[in-house]
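A short worksheet on the structure shown next.
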Amino acid sequence: MLPHKQIELKLQAAVRVLLPDADTAAVLVRPCPDPKFGDYQSNALMPLAKARRMNPRLLAENVLAKLDVSDVCERVDIAGAGFLNFHLKDSSLAQTLDAAARGEHLFFEKTAAPKTAVIDFSSPNVAKPMHVGHIRSTILGDCLARALRLLGHRVVTDNHIGDWGTQFGMLLVGWKRELNSTALDTDAIGEMERLYKKISAESRENPATLEAARQELVKLQNGDPENLKIWRKMIELSKKQFDAIYSRLGVKFDCTLGESFYNDRLKSSVDELLARGIARESEGAIAVFFDEIPQLKDKPALVRKSDGGFNYATTDLATLAYRMEKWQPAEIIYVTDGRQQLHFQQIFAAFQKWQSAKPQPAIPRLAHVWFGSILGEDGKPFKTRSGETVKLADLLDEAEERAFRIVSEKNSGFLEPQRREIARVVGLGAVKYADLLPNRQSDYVFSWDKMLALTGNTAPYLQYAYARIRSIFRKAQNESANSQPPAALTLSATEEIALAKHLLGFGLALEAVAGEFRPNFLCNYLFELAGKFTAFYENCPVLKADEVIRASRLVLCDLTAQVLKQGLDVLGIEVVEQM
RNA sequence: GCACCCAUAGCUCAAUUGGAUAGAGCAUCUGACUACGGAUCAGAAGGUUUCAGGUUCAACUCCUGAUGGGUGCGCCA
C-alpha cells in the first residue's frame, strides 16, 4: 500500500477513536503544496474541530497522540491553524520504489470496488464531417474510459451517432436527384454534405422542395425499401470515415448504437411515462413537467411532438432505459458541450421520475461531463474566414505535417519513414494534449498555433523526457550488458528525492481524473514529473556515477519512464524511443 | 423576460474536501560546459484573482449585489 494511503487509513482510525460520529471519508491525506511543509498533509481536522467548536490545534494534538505512523513517517508536525504535516521516511520512500522496480505496482492501486460505467461520447452525425467540435468529446471521453479501466472499473464506451432525424429527408431528395457517384467514391461525406447543403438551401426558397424532403422522410420512417437502402448506405459510408479518424486517434468503441437503434422503443417509453402519470398532454404535445425543481419550473421536456413524432429527448430517455437494462451500470457519463446542460438536466430529472415509479428502482448515477464552446481567436463563436468549421481530419493532417517539419529539422539523419512515424506520434500527441490540458469547462479558444505547439507544456515535452530516458538506457546497454539491479535504491541528491516523491503521486492524479472527470489533473501531474525529471537529469549524472548510485539512478529513470508512458497512455498519447 | 455558465499576469490557461507565499506555458529580457539528446535548463520581469459587500482562523473557491461576456429556453438534434 502506498504511504499516503497508509497514513490516511491510520489517521481516519485515530479520528474515529476521538470523534466516533465524524465522517472520516472526508479525512484525506494529500501531497503538500510546498515541500517545506512536509511530504503529505491533512487539513481535515480543522473543519472537524470547527463543527464541534473545538480548538483545532488541541484536536490535532489529541489525534496525534492516538496516531502511530512511525513505520512510514519520520515525524508529524502540527502547523498553522491545525494542519498535520507528515514527513516521509527515506526508507519508506525507497521501499515503495523498490516494490515498483520489482513490478509490484506502478504507484497506483486498482479500486477495491469496481463499478460499471457507460460513457457516451463523440457522437458525430451521419453524412457530416467530423470537425474540431468533435475533438473534445472524443478525446475527453476516451481519456475517461482509459482512466477508469486502468483503475479497475468496467467501462462500456458507446458512440451514439446521429443516424436518424429530419436531415435525412433532405439527404434523400439530394441523393435521388443529383448524386455525383464519382465524388461519393472519393469523399463520401463531402458529397453527402454538399447534397444536404444544396437541398437545405433550396428548401428555404422553394416550398415544393421542402415538401419533397418531408415526404421522403415519411417514406423512410414508414420503412420504404428504397429509402431504407439509401439510408443504410449513407450510414455505412459515414462510419467508414469516422472509423478512419478513430483509428488515427486510437479511439475504440465497445458499441455504436445510433439514434435509430432506439426507434422501436420510443412509443413504448412515452406510453409508459403517460401511464405512470409522469408525462401529460400540453398544447398538443406530450411533455414532462418539473414543478418541484426550481430551475426547471417553466422548462418542460417534450417527449412527443404535436404531430405524433418523437424528438431527441425521447430518444435519450429510451437510450437511458436501454443502457440500464443492458449493463446495469453504476454510472452513465455523457460527454458533450455545455450548451446541452439544460437538456441533460431535463433528461436526468425525467429519468429519475420514471425509474423511481418502478417497484425496484436502481438508478445509476448520471453525469453530464460538459465542456466549453469553441471560440475563435476573437472570442466569438469559432468559424474560419470562409465561415466553415475546421475539419478534424485537416487538423490532424496539419499537426502531423508541422511535426514532420520539426522532426526533419532536428533529426536529419533519420530515414523518412522513421521521421513520419515520429511526426505522427508527436503531432497527434500535441493535439490531444492541447485539448486535455485546459479545464474542460472553460470556453475553448481554437488556435492552430496553440493546438499544434511543440514546446512548453505540451505532449512533445513529455515525449521528449521519455525519449531522453530511453536514450540513457540505449547507451547503458552499449557500455555494459551486465549491470545488476540494485539491492535497494539509494537516494541522496535533492533532485532525485524530489523526483522519487513525485512518482508516488501518480495514483492520486489518476483517481482525480476518474473521480472528477478532469484529465487536466493528469496533464499537470505529468508535466511536473517531466520537469522534476529534467532537474534530476541536469544535476545528477546517471551513467557517469559510481556503480551503486548509477544502478539506483537507472532504476529511478526506468520508473519515471514507465509512469510517463502509462500516464500518456491514459491521455491516449503514444511515446517514441527517439525523436 | 427566465435559467445556466464564465471573468485570474500582455496573451492562453492552472490552482485536487475552503488551506499555508495564486502557479505554468507563450511572448519579452539576461544567461547555460562543444551537451548521459538544446524539442532543454537557470534567472528576471509580469497580479488589488472584474467591482462592492458578507461569512470564516483561512476565500480565486462559499453567499448577496453590480458590471461585462457566453449559452440555453415545447414541438431541430
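Naming convention: chains lettered A, B, ... in sequence-line order (proteins, then strands); numbering from 1 in each chain. These numbers come from a predicted model, not from an experiment.
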Item checked: All side chain to side chain contact (heavy atoms under 4.5 Å, CB included) counterparts of A/Arg419, not counting sequence neighbours -> A/Phe404, A/Val407, A/Ser408, A/Phe414, A/Glu416
Check: Among all residues two or more places apart in sequence or in another chain, which pass the side chain to side chain contact (heavy atoms under 4.5 Å, CB included) test with A/Ile406?
Finding: A/Lys410, A/Leu454
Check: Using Watson-Crick pairs (N1 to N3, plus N6-O4 or O6-N4) and G-U wobble pairs, both distances under 3.5 Å, which stems of at least 3 pairs involve RNA chain B?
Finding: B:1-7 with B:67-73, B:10-13 with B:23-26, B:28-32 with B:40-44, B:50-54 with B:62-66
Check: A/Glu516 CD to B/U61 P: how many Å, rounded?
Finding: 18 Å
Notebook entry, point to check: For A/Tyr461 and B/C41, is the shortest distance between a side-chain N/O and OP1 or OP2 below 4.0 Å?
Noted result: yes
Margin query: Rounded to whole Å, please give me the gap between CD1 in A/Ile472 and P in B/G37.
Written below: 7 Å
Margin query: Strictly below 4.0 Å: does A/Lys450 bring a side-chain N or O up to OP1 or OP2 of B/U12?
Written below: no
Next item on the list: Return the residues of residues 40-50 of chain A meeting this criterion: a heavy atom under 4.0 Å from some atom of RNA chain B. Order them by number, or give none.
Entry: A/Gln41, A/Asn43, A/Met46, A/Pro47, A/Lys50
Margin query: I'd like the C1' distance from B/G65 over to B/U12, given in whole Å.
Written below: 31 Å
Notebook entry, point to check: To the nearest 0.5 Å, what is the distance between CG (A/Asp337) and CZ (A/Arg339)?
Noted result: 4.5 Å
Notebook entry, point to check: Is A/Asn85 touching bases, backbone alone, or none of the nucleic acid, heavy atoms closer than 4.0 Å?
Noted result: base
Notebook entry, point to check: Under 4.0 Å: is that the gap between some side-chain N or O of A/Arg30 and OP1 or OP2 of B/A15?
Noted result: no
Notebook entry, point to check: Would you say the side-chain atoms of A/Asp120 pair up with the backbone N or O of A/His160, donor to acceptor, closer than 3.5 Å?
Noted result: no
Notebook entry, point to check: Mapping A/Ala81 and A/Ile422 onto RNA chain B by nearest heavy atom, which one lands closer to the 5' end?
Noted result: A/Ile422
Next item on the list: Mark this stacking check for A/Phe83 against B/A20 as yes or no, applying ring centres under 5.5 Å and ring planes under 30°.
Entry: yes
Margin query: What I want to find out is whether A/Lys532 reaches A/Glu496 closely enough, with some N-O distance under 4.0 Å, to be called a salt bridge.
Written below: no
Check: How many Å lie between OH on A/Tyr525 and C1' on B/A15, as a whole number?
Finding: 18 Å
Note to self: Under 6.0 Å from the ring centre and within 45 degrees of the ring axis: does the NZ or CZ of A/Arg280 meet both conditions for the six-membered ring of A/Phe289?
What the structure shows: yes
Checklist line | Among B/C26, B/C41, B/C36, the one nearest A/Val542 by side-chain distance | finding: B/C36
Check: Is the backbone N or O of A/Ala127 less than 3.5 Å from a side-chain atom of A/Ser238, with the two atoms forming a donor-acceptor pair by type?
Finding: yes
Ignoring hydrogens and angles, write down the donor-acceptor pairs under 3.5 Å from the side chains of residues 465-473 of chain A, residues two or more places apart or on other chains.
| from | atom 1 | to | atom 2 | distance (Å) |
| --- | --- | --- | --- | --- |
| A/Tyr466 | OH | A/Glu577 | OE2 | 3.4 |
| A/Arg470 | NE | A/Glu577 | OE1 | 2.8 |

Notebook entry, point to check: Does the side chain of A/Asn439 get closer than 4.0 angstrom to OP1 or OP2 of B/A15 through an N or O atom?
Noted result: yes
Next item on the list: Mind calculating the distance between CH2 (A/Trp370) and C1' (B/G70) to the nearest angstrom?
Entry: 11 Å
Item checked: A/Glu398/A/Arg402 salt bridge by N-O under 4.0 Å criterion -> yes
Check: Got a sec, which pairs hit ring pair (Phe, Tyr, Trp, His ring centres under 6.0 Å) with one end in residues 296-319 of chain A, sequence neighbours left out?
Finding: A/Tyr312-A/His343
Next item on the list: State whether A/Arg468 places a side-chain N or O below 4.0 Å from either non-bridging phosphate oxygen (OP1 or OP2) of B/G38.
Entry: yes
Check: So what does A/Asn520 hit on the nucleic acid, given a heavy-atom distance under 4.0 Å: a base, only sugar-phosphate, or nothing?
Finding: sugar-phosphate
Next item on the list: Pick the P atom in B/C29 and in B/U17, then give their distance to the nearest Å.
Entry: 39 Å
Next item on the list: Taking only Lys NZ, Arg NE, NH1 and NH2, and the carboxylate oxygens of Asp or Glu, determine whether A/Glu547 and A/Arg550 approach each other closer than 4.0 Å.
Entry: no
Next item on the list: Check every strand shown and say whether A/Cys557 touches a base, only sugar-phosphate, or nothing at a heavy-atom separation below 4.0 Å.
Entry: nothing
Return a table of donor-acceptor pairs under 3.5 angstrom between the side chains of residues 291-305 of chain A and protein atoms on other chains or two or more places apart.
| from | atom 1 | to | atom 2 | distance (Å) |
| --- | --- | --- | --- | --- |
| A/Glu292 | OE2 | A/Lys353 | NZ | 3.4 |

Margin query: When the C1' atoms of B/U28 and B/A45 are compared, how many Å lie between them, rounded to an integer?
Written below: 9 Å
Margin query: So A/Ala467, base contact, sugar-phosphate only, or nothing? Heavy-atom distance under 4.0 Å.
Written below: base
Strictly under 3.5 Å: I want the nitrogen or oxygen pairs between protein and nucleotides 43-45 of chain B, one per line.
none

Notebook entry, point to check: Hey, is A/Phe37 doing a stacking thing with B/A20, by the 5.5 Å centroid and 30° angle criteria?
Noted result: yes
Checklist line | Validation row, ring centre A/Phe37 to ring centre A/Phe83 under 6.0 Å | finding: no
Next item on the list: Starting from C1' on B/G25, measure out to CD on A/Glu528 and report it in whole angstrom.
Entry: 13 Å
Next item on the list: Mind checking A/Glu281 for me? I need base, sugar-phosphate or nothing, with any heavy atom below 4.0 Å counting as a touch.
Entry: nothing
Note to self: On RNA chain B, does the nearest nucleotide to A/Leu437 precede the nearest nucleotide to A/Leu454 from the 5' side, or the other way round? Give the residue.
What the structure shows: A/Leu437
Margin query: Please classify the nucleic acid contact of A/Val27 as base, sugar-phosphate, or nothing, using heavy-atom distances under 4.0 Å.
Written below: nothing
Item checked: Integer-rounded Å distance: B/C33 P and A/Asn539 CG -> 15 Å
Item checked: Sequence neighbours excluded, every pair satisfying side-chain hydrogen bond (donor to acceptor under 3.5 Å, both in side chains) that has a member inside residues 42-53 of chain A -> A/Asp21-A/Arg52, A/Gln41-A/Asn43
Notebook entry, point to check: A/Lys532 has an atom NZ; how far is it from atom P of B/G23, in whole Å?
Noted result: 14 Å
Item checked: Listed once per pair and sorted, the salt bridge (Lys or Arg N to Asp or Glu O under 4.0 Å) pairs that draw on residues 23-34 of chain A, sequence neighbours left out -> A/Glu8-A/Arg30
Margin query: Between A/Arg405 and A/Glu409 (salt bridge meaning N to carboxylate O under 4.0 Å), is one present in this structure?
Written below: no
Margin query: Just the rounded figure in Å: distance from P of B/G37 to CG of A/Leu462.
Written below: 19 Å
Check: With rounding to whole Å, what would you report as the distance between B/G37 and B/G43 at their P atoms?
Finding: 23 Å
Next item on the list: Determine, for nucleotides 72-77 of chain B in 5'-to-3' order, which nucleotides have protein heavy atoms under 4.0 Å from the base (write B), from only the sugar-phosphate (write S), or from neither (write -).
Entry: BSBBSB
Margin query: What's the gap between B/A20 and B/G1 when it is taken at their P atoms, as a whole Å value?
Written below: 40 Å
Margin query: Run the side chain to side chain contact (heavy atoms under 4.5 Å, CB included) test against A/Leu437 and tell me which residues pass, sequence neighbours left out.
Written below: A/Tyr433, A/Asn457, A/Cys523, A/Asn524
Check: Taking only side-chain nitrogens and oxygens of A/Ser471, does any of them come within less than 4.0 Å of OP1 or OP2 of B/G37?
Finding: yes
